[in-house]
Amino acid sequence: MISFNVPPVVGNEMDYIRHAIEQKRISGDGEFTKRCCARMEERFHAKHVLLTTSGTSALDMAAILCNFQKGDEVILPSYTFSSTANAMILGGAVPVFVDIRPDTMNIDETKIEAAITPHTKAIVAMHYAGVACEMDTIMAIAQKHGLKVIEDAAQGVMASYKGRALGTIGDLGCFSFHETKNYSMGEGGALLVNHEKDMERAEILREKGTNRSKFFRGEIDKYTWVDFGDSFLPSEINAAYLWGQLQMLDEINADRLHTHKCYSEAFAPLAEQGLIEIQHIPAECAHNAHMFYIKLRDLEQRTAFIRFMKARGITTVFHYVPLHSAPAGRKYGRFHGEDVYTTKESERLVRLPMYFRMTDEDRKTVIAAVQAFFAQTEAR
Ligand SMILES: *Cc1c(COP(=O)(O)O)cnc(C)c1O
């Protein structure tokens with residue numbers, strides 16, 4: 001059996017978790033949370049990083065910080081996880097979906113401007129598979145029209161665009177540390193606050209509407225309820241787990257990139273024969289091997305492929321029924337323009353097993369099975 005995902009474990013998690021317990025400090029914003037945030041701020045040249053309970057809650061925070069008013073609209077791709085849209089709805093905005101580019105599966109930056117109305121307040125750039133959206137173009141559009149940019153970099157930790165870490169380019173960035181992501185803490189995430197002016201409000205929002213963060217730093221002598229808030233801070237037990245992973249940023253990244261490279265090389269001949277399409281990485285993007293996907297001919301062939309792999313004990317998955325066609329998407333949002341690629345490309349895409357410390361043997365098994373599938377298809 002080869003799983004689609006295996007949660008990353010580096011080996012020192014138990015020591016750190018034990019340490020947190022022995023310190024008698026398991027609630028949020030203790031030593032491990034501070035270390036994790038400092039490490040990310042330093043490594044990604046991020047102004048401020050706040051650990052959150054999930055990637056979803058980081059997106060929720062970002063949306064709330066945008067202060068949407070009734071009727072405001074946010075432009076985002078339809079090919080994304082439900083959380084990207086849910087957060088905008090929670091923040092009070094209407095999701096307006098636009099089409100994706102077939103080469104990266106990211107929002108098509110050339111279709112954003114046409115979707116802008118007087119109600120548009122923000123653009124969400126979701127970096128699919130850790131491959132950056134065309135950020136220069138998106139930032140220029142946002143600046144021209146006075147819009148906020150939220151980066152959904154849930155899949156983009158350790159990836160960059162023109163040398164800048166994903167999550168640090170827009171106004172607010174969101175990471176996920178779910179067990180299916182490159183770095184994990186079980187459930188967790190981070191909000192990257194890229195403007196100093198948003199930081200005070202972000203801290204209050206994260207701490208139940210109180211100014212407790214200021215109090216902990218000794219900046220005030222009592223804390224109180226100062227604004228609307230919620231609870232978005234994770235426990236030190238989760239942060240301790242993440243700390244182990246963040247010390248291994250480069251090792252985990254290199255390991256995943258190696259698997260990605262093995263797959264890319266093995267499948268290049270199939271791509272050359274036109275049997276599949278493999279991931280396109282634009283020159284300005286350094287990706288993080290968050291996933292390896294291939295695109296097949298159509299939905300029917302993909303269904304056959306997944307069944308074929310499953311019979312060989314290999315789990316392959318697809319995801320993201322385009323949000324605009326899902327029940328909640330129809331209820332809460334609308335699609336602007338024509339769906340040229342979103343549905344068509346999403347039906348062809350399938351993800352292969354990809355995780356930290358995947359063995360050479362398992363990679364070879366997956367590669368051989370994919371090759372066998374196309375050998376039998378060709379023979380037919
Ligand atoms: C995983 C993911 C999320 C949500 O992250 P959680 O930590 O699971 O809440 C949001 N957006 C995208 C694009 C994701 O891949």
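Along the sequence shown, residues carry numbers from 1. First listed ligand is number 1; within each ligand, the first listed atom is number 1.
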Arg35: what forms a side chain to side chain donor-acceptor pair (under 3.5 Å) with it, not counting sequence neighbours?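 Partners of Arg35 under the side chain to side chain donor-acceptor pair (under 3.5 Å) test: Glu31.
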Pair Asp29 + Arg206: basic N to acidic O under 4.0 Å: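 Yes, this pair counts.
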May I ask you to say whether Asp198 pairs ionically with Arg201, meaning some side-chain N is under 4.0 Å from a carboxylate O?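 So Asp198 does not pair with Arg201 through a salt bridge.
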Identify all pairs of nitrogen or oxygen atoms, one from ligand 1 and one from the protein, separated by less than 3.5 Å, and list them with distances.
unit_1   : atom_1 : unit_2 : atom_2 : d
ligand 1 : 5 (O)  : Ser176 : OG     : 3.3
ligand 1 : 7 (O)  : Gly55  : N      : 2.7
ligand 1 : 7 (O)  : Ser176 : OG     : 2.7
ligand 1 : 9 (O)  : Gly55  : N      : 3.3
ligand 1 : 9 (O)  : Thr56  : N      : 2.8
ligand 1 : 9 (O)  : Thr56  : OG1    : 2.5
ligand 1 : 11 (N) : Asp152 : OD1    : 3.3
ligand 1 : 11 (N) : Asp152 : OD2    : 2.8
ligand 1 : 15 (O) : Gln155 : NE2    : 2.9
ligand 1 : 15 (O) : Lys181 : NZ     : 3.2

How does the hydrophobic cluster around Leu257 look, that is, which other residues are in it when side-chain heavy atoms under 4.5 Å mark a link?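 Besides Leu257, the hydrophobic cluster comprises nothing; the residue is isolated.
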Pairs of donor and acceptor atoms involving the side chains of residues 92-100, under 3.5 Å and at least two apart or interchain, shall be tabulated with distances.
unit_1 : atom_1 : unit_2 : atom_2 : d
Asp99  : OD1    : Tyr341 : N      : 3.3
Asp99  : OD1    : Thr342 : N      : 2.9
Asp99  : OD1    : Thr342 : OG1    : 2.5
Asp99  : OD2    : Lys111 : NZ     : 3.2
Asp99  : OD2    : Val340 : N      : 2.9
Asp99  : OD2    : Tyr341 : N      : 3.0

Would you compute the distance between atom CD1 of Ile220 and atom NZ of Lys214 and round it to the nearest 0.5 angstrom?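 The distance works out to 6.0 Å.
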